[in-house]
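Source: prediction; values computed, not measured.
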Amino acid sequence: MELFNPPFGRNATFIHPAYFMITGLSGIPNIKYYYVFLFFVYIVSVVGNTIVMAVIYLDHNLRTPKYIAVFNLAFVDLFGNSALVPKLLDIFLLNHHYIPFNNCMAFLFFCYTCLSMQSFNLVALAYDRLIAIIFPLHYQVKVTHKFMLSLIVSFWVFVIILVLIAVGLITRLSFCKSVVINSYFCDHGQIYRLACNSHFPNYVVSCLFPVLIFWIPLAFILISYLYIGFTLANVATVHETLKAFKTCIAHLSLVAIYFIPLLITFTLMENIHPNARIINLSLTSVFPPMLNPIIYVLQTQEIKESVKKLLKIRGKSKTAKKKFTILCPFVD
């Protein structure tokens with residue numbers, strides 16, 4: 001068996017459909033209310049992530065390597081939800097179920113890129129916590145602005161290349177039968193299975209993708225926290241251990257929110273109803289971006305203090321302006 005399709009490397013014509021049809025959830029009454037619910041989740045996500053990015057940008061005390069990763073996480077959440085939810089509402093609320101082939105490829109690219117970057121952002125934050133707790137005296141040397149920026153950029157490059165390979169391989173397929181995608185977006189696995197020529201390279205990518213994007217990052221995060229726990233158990237008191245882990249609560253919450261639904265879906269993939277799979281994956285796509293800023297604002301002391309400080313400055317500014325207007329009513 002050839003690794004790639006027989007036409008690779010030779011002149012060939014691939015049959016691409018004019019459009020795909022995305023079916024989404026089927027057989028559920030009043031399902032439009034679910035999509036309206038996703039719209040409100042999206043609004044909260046946009047507001048929350050915009051606030052987090054604005055706070056980090058405005059407060060110079062938050063210009064640290066850790067908050068470079070937090071800013072990137074908020075950006076990815078905002079960008080990813082904006083790529084997914086408006087199009088999802090257009091498809092299912094406005095009944096535009098048919099999506100042109102090229103638009104579908106772009107939809108796939110942006111959705112997979114942002115979903116994957118969420119995973120790698122959690123890796124960057126796990127590394128930050130590992131160095132901060134295990135090597136506190138070397139933290140300023142090991143985790144610099146340059147290092148964190150380089151790490152984030154390398155993650156973006158890796159993810160974009162990986163997703164571009166997946167999209168590029170789909171363009172090497174011919175679709176001469178069904179064009180119905182049984183998902184809520186242009187799902188890679190659902191699309192390549194519709195092909196009528198060999199899709200073995202796509203199958204290989206679909207097997208490697210979860211390993212590279214999901215399992216390896218999760219393994220790194222779990223090993224990091226096991227190492228942190230093992231080290232603290234040997235050198236610190238119970239009180240010191242709890243104090244150290246308190247700084248990790250926000251990150252651990254994000255890890256649980258992102259990975260647990262995916263673990264359930266991957267574990268029960270063959271045994272759950274397609275509608276249950278779609279609901280689980282759609283909530284996994286939109287809920288973490290909504291909850292991430294809420295968790296960071298509520299559980300991260302630096303951001304809470306920064307928000308209070310910015311609100312206090314704004315309040316003083318309004319008070320000063322009001323006093324000036326009273327004292328000098330005729331000044332423009």
Side-chain angles (χ1 to χ4, degrees), residues 41-42 44-83 113-136 139-159 213 217-218 220-222 224-225 228 244-259 284-311:
V41 171
Y42 169 67
V44 175
S45 172
V46 169
V47 173
N49 285 295
T50 301
I51 289 173
V52 169
M53 289 192 293
V55 169
I56 294 172
Y57 177 77
L58 293 172
D59 191 344
H60 292 275
N61 295 323
L62 296 180
R63 305 282 180 86
T64 63
K66 173 186 174 181
Y67 285 101
I68 291 174
V70 174
F71 185 94
N72 188 61
L73 178 65
F75 171 76
V76 169
D77 287 343
L78 179 62
F79 183 48
N81 256 6
S82 297
T113 298
C114 293
L115 190 64
S116 303
M117 275 306 300
Q118 286 183 12
S119 176
F120 283 107
N121 274 320
L122 295 175
V123 169
L125 289 169
Y127 179 80
D128 175 85
R129 290 299 83 205
L130 176 68
I131 302 302
I133 295 172
I134 302 301
F135 306 105
Y139 179 79
Q140 300 293 337
V141 177
K142 290 180 179 290
V143 185
T144 62
H145 288 81
K146 183 179 179 181
F147 172 82
M148 187 59 75
L149 282 170
S150 300
L151 186 65
I152 296 296
V153 170
S154 66
F155 285 156
W156 272 105
V157 172
F158 175 72
V159 167
I213 300 300
L218 179 59
F220 176 84
I221 293 168
L222 292 177
S224 297
Y225 278 106
I228 289 171
F245 268 104
K246 189 177 179 181
T247 65
C248 306
I249 290 175
H251 180 248
L252 286 171
S253 300
L254 304 187
V255 171
I257 290 167
Y258 177 79
F259 283 104
T284 302
S285 300
V286 300
F287 251 75
M290 180 193 73
L291 294 175
N292 290 349
I294 296 173
I295 289 170
Y296 258 97
V297 169
L298 293 178
Q299 296 191 1
T300 305
Q301 190 63 31
E302 298 98 325
I303 289 188
K304 284 196 290 186
E305 293 298 325
S306 179
V307 170
K308 290 177 183 177
K309 184 171 69 175
L310 290 172
L311 290 175

Less than 4.5 Å apart, any side-chain heavy atom of T113 and any of W156?
-> yes
Do side-chain atoms of N81 reach the backbone of P289 as a donor and acceptor pair under 3.5 angstrom?
-> no
Straight-line distance of D77 CG to S285 OG, nearest 0.5 Å = 11.0 Å
State the OG-CG distance between S119 and L218, to the nearest 0.5 angstrom.
-> 8.0 Å
I228 side, atom CD1; I134 side, atom CD1 - distance, nearest 0.5 Å = 5.5 Å
Take the angle between the ring planes of F147 and Y127 and call it parallel below 30°, perpendicular above 60°, tilted in between.
-> tilted
Evaluate the criterion ring pair (Phe, Tyr, Trp, His ring centres under 6.0 Å) for residue pair Y67 and H145; output intermediate values, then yes/no.
-> CA-CA 10 Å; Y67 285 101; H145 288 81; over 10 Å; no
Of all heavy-atom pairs between M148 and P65, which one has the smallest distance, and what is that distance?
-> CG-O, 3.2 Å
May I have the step-by-step check of side-chain hydrogen bond (donor to acceptor under 3.5 Å, both in side chains) for Y258 and N292, ending in yes or no?
-> CA-CA 10 Å; Y258 177 79; N292 290 349; over 6 Å; no
Any sub-3.5 Å donor-acceptor pair from T50's side-chain atoms to V46's backbone N or O?
-> yes
Show your working on side chain to side chain contact (heavy atoms under 4.5 Å, CB included) between I56 and S306 and close with a plain yes or no.
-> CA-CA 8 Å; I56 294 172; S306 179; over 6 Å; no
Donor-acceptor pair, T144 side chain versus V141 backbone, under 3.5 Å?
-> no
Could you pull out the closest heavy-atom pair between L130 and S224, with the gap in Å?
-> CD1-O, 3.8 Å
Check for a donor-acceptor pair, side chain of S116 on one end and backbone N or O of I213 on the other, with a separation under 3.5 Å.
-> no
Which atom names give the shortest non-hydrogen contact between V52 and A74, and what distance separates them?
-> CG1-CB, 4.1 Å
Is there a side chain to side chain contact (heavy atoms under 4.5 Å, CB included) between N121 and F155 once you walk through the steps?
-> CA-CA 8 Å; N121 274 320; F155 285 156; 5.9 Å; no
Between N72 (side chain) and I68 (backbone), is there a donor-acceptor pair under 3.5 Å?
-> no
Side chains of R129 and Y225 in contact at under 4.5 Å (non-hydrogen atoms) = yes
Less than 4.5 Å apart, any side-chain heavy atom of F287 and any of V41?
-> yes
Please round to the nearest 0.5 Å and tell me the distance separating atom NE2 of H251 and atom NZ of K66.
-> 10.0 Å
Within a strict 4.5 Å, meaning less than it, do heavy atoms of the I295 and I257 side chains meet?
-> yes
Can you check whether F259 reaches L122 side chain to side chain, under 4.5 Å on heavy atoms?
-> yes
When you measure from the centre of the six-membered ring of F71, is the NZ or CZ of R63 under 6.0 Å away and within 45° of the axis?
-> no
Rounded to the nearest 0.5 Å, what's the gap from CD1 on I221 to CG on L125? Could you check?
-> 8.5 Å
Can you measure from CD (E305) to CG (D59) and round to the nearest 0.5 angstrom?
-> 10.5 Å
